[in-house]
Protein chains: 2
Amino acid sequence: MSKTPARIRLADAAFALFDERGYEQTTVDDIAERAGVGRTTFFRHYRSKEEVIFPDHDRLLAAIKDRLVTSSHSTALVAVSDAVRLVLLHYIEEGDLARRRYALTSKVAALRDREIASVARYQRLFREFIADLMGDPTATASLRAELMAANVVAAHNHVLRRWLRGESSDPVAEMDEAMREVLALFPAPSVHEASGDDGTTVIAFRTGQDLDTLLPSLRRFIEGTTGH
Amino acid sequence: MSKTPARIRLADAAFALFDERGYEQTTVDDIAERAGVGRTTFFRHYRSKEEVIFPDHDRLLAAIKDRLVTSSHSTALVAVSDAVRLVLLHYIEEGDLARRRYALTSKVAALRDREIASVARYQRLFREFIADLMGDPTATASLRAELMAANVVAAHNHVLRRWLRGESSDPVAEMDEAMREVLALFPAPSVHEASGDDGTTVIAFRTGQDLDTLLPSLRRFIEGTTGH
DNA sequence: CCCGCCAACGGTACTGAGTACCGTAAATAC
DNA sequence: GTATTTACGGTACTCAGTACCGTTGGCGGG
């Protein structure tokens with residue numbers, strides 16, 4: 001009669017018990033017992049007690065990797081945005097489950113650490129991807145890749161957490177907006193390769209000088225960077 | 001005759017055994033035995049097997065918090081820079097020990113995760129500090145704080161790892177340079193309050209258009225933001 | 001000198017996560 | 001039908017971490 005697969009029953013039992021007694025106060029034996037299976041079966045479906053809460057981080061990480069490797073240079077930044085959106089949509093799809101997990105990670109330090117470690121793996125993937133497509137192995141370029149990856153992940157976390165707390169009604173739009181804000185921090189490096197335009201590059205800075213005072217040096221700078 | 005305190009002997013024994021057999025292959029009993037003490041004594045000095053490798057993350061975290069709270073608004077960014085430098089100097093002071101730890105965290109996933117979790121605590125501290133001094137509780141301001149904290153920490157990690165790998169001879173200078181680069185990403189929010197200048201704000205973007213084509217809209221934009 | 005005190009240590013025993021291995025029942029292939 | 005896979009339960013083990021108790025060795029005050 002109990003046709004629901006053991007894997008599901010175990011997850012349900014685990015979340016129910018975590019809610020009732022708390023995470024540390026719940027043993028794997030408790031979970032298995034409530035799910036009506038043996039202790040061995042639990043570890044057959046989940047490698048650890050923590051993994052029952054984060055069941056598909058591995059799959060998600062693989063999906064991100066796939067999205068990144070199947071991208072040409074011209075669509076690189078789009079690929080990063082897409083990959084981030086992938087993660088966000090996954091959480092949204094989970095719906096209430098994601099929020100219950102958030103409640104747990106907010107209370108239990110061990111789970112928060114685990115979550116952070118997972119996010120760090122995403123970040124590492126992004127960093128390597130960005131560094132690869134920049135080609136430049138300089139220290140400053142490497143730092144740049146590190147910063148971009150950190151920004152992308154931080155923006156994602158920010159929007160995701162807002163949604164998890166119920167502070168956002170349209171997280172996807174917020175994510176797009178946040179990503180725009182992040183990418184605006186970095187002068188887009190793709191333009192020069194993507195097209196042979198002789199356009200204008202405007203660098204971000206602030207100065208007390210008037211725009212007209214700056215124009216000569218601006219022109220000089222642009223001529224210096226574009227060749228002539 | 002063995003006058004060296006048990007705490008030191010335990011740390012030495014632990015690092016030696018980790019080098020010889022690897023982290024997972026070394027039990028706490030092994031460490032205690034080599035240090036010539038009982039197993040209980042180990043846990044009296046270190047709360048866990050991992051903590052023998054990261055003995056003073058708590059102290060460092062407290063030091064950072066101290067540095068941050070003892071700062072006025074005008075010296076806020078200086079305080080963040082100082083706090084980051086504090087961490088870097090701590091590692092440099094450790095010297096070879098820091099490098100042995102780095103070798104371990106590079107190989108053992110559990111230790112890497114632990115390290116990442118510690119760094120995340122620094123980042124959280126920075127984020128809260130920056131968000132506090134911004135005052136603005138808007139979503140975009142909150143995102144901004146998140147991004148700045150992520151950048152500061154990412155820059156620190158980048159320089160620190162370079163030094164740990166022996167790729168940097170003057171990490172402190174590199175850190176200053178990296179911090180400059182990070183702060184350059186964010187238009188300094190203090191300019192408008194600090195002085196009543198009617199200067200020019202240049203926004204970063206790229207376009208295919210020529211500079212002269214852009215000038216009118218640039219002027220319009222500037223007049224729109226500065227009042228008239 | 002002895003007493004009481006306190007800190008550091010060792011030993012034993014326990015809980016609980018995770019692993020290894022073995023046996024078994026049902027489903028599926030052939 | 002038999003053989004093989006698949007999923008499961010049970011037992012026994014290792015090891016990290018906790019709790020508790022007893023012991024030793026100073027150390028100052030009487």
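Labels below follow one simple rule: chain letters A, B, ... track the order of the sequence lines, proteins then strands, and each chain is numbered from 1. The shown structure was predicted, so the numbers you read here are calculated from the model rather than taken from an experiment.
For DNA chain D, the residues of residues 27-36 of chain B within the heavy-atom distance limit of 4.0 Å (strictly under) are B:T27, B:V28, sorted by number.
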Between the protein and nucleotides 21-23 of chain C, list the N/O to N/O atom pairs that are separated by less than 3.5 angstrom.
none

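As rounded to whole Å, 11 Å separates atom P of D:dA16 from atom CD of B:Q25. Distance, B:R7 CZ to C:dA8 P: 12 Å, rounded to whole Å. With rounding to whole Å, A:L17 atom CG is found 12 Å from C:dA17 atom P. Protein atom CZ of A:R39 is 14 Å distant from nucleotide atom P of D:dC13, rounded to whole Å. Rounding to whole angstrom units, CZ of residue B:R47 and P of D:dT18 are separated by 10 Å. Distance, B:L10 CG to D:dA16 P: 14 Å, rounded to whole Å. Between the P atom of C:dC9 and the OH atom of B:Y46 lies a distance of 11 Å, rounded to the nearest Å. Protein atom CZ of A:R9 is 12 Å distant from nucleotide atom C1' of D:dA7, rounded to whole Å.
Using modelled atom types, one side-chain atom of B:D170 and one backbone atom of B:A173 make a donor-acceptor pair closer than 3.5 Å. In this structure, the side chain of A:R127 does not engage the main chain of A:A149 through any donor-acceptor pair within 3.5 Å. With B:R99 contributing its side chain and B:W163 its backbone, the two residues share a donor-acceptor pair below 3.5 Å.
Taking every side-chain heavy atom of B:T41 into account, C:dC9 is the closest of C:dC9, D:dT18, C:dA17. Among the nucleotides D:dG17, D:dG9, C:dG18, the one closest to any side-chain atom of B:F43 is D:dG17.
Counted by atom type alone, A:R165 and A:Y102 present one or more donor-acceptor pairs between their side chains at under 3.5 Å.
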Would B:S168 and B:E174 count as a side chain to side chain donor-acceptor pair (under 3.5 Å) here? Give the steps. CA-CA 8 Å; B:S168 165; B:E174 276 193 26; 3.1 Å; yes

Step by step, work out the salt bridge (charged side-chain N to carboxylate O under 4.0 Å, His left out) result for A:D113 and B:R121. CA-CA 10 Å; A:D113 289 354; B:R121 290 184 173 82; 3.3 Å; yes

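With a 4.5 Å cut-off on side-chain heavy atoms, B:Y23 and B:L17 do not count as touching. A:R9 has its side chain out of reach of A:R34: every pair of non-hydrogen atoms, C-beta onward, lies at least 4.5 Å apart.
Taking the six-membered ring for Trp and the full ring otherwise, A:Y46 and A:F42 have centroids separated by under 6.0 Å.
Look at B:H45 and you won't find any side-chain N or O under 4.0 angstrom from OP1 or OP2 of C:dA8.
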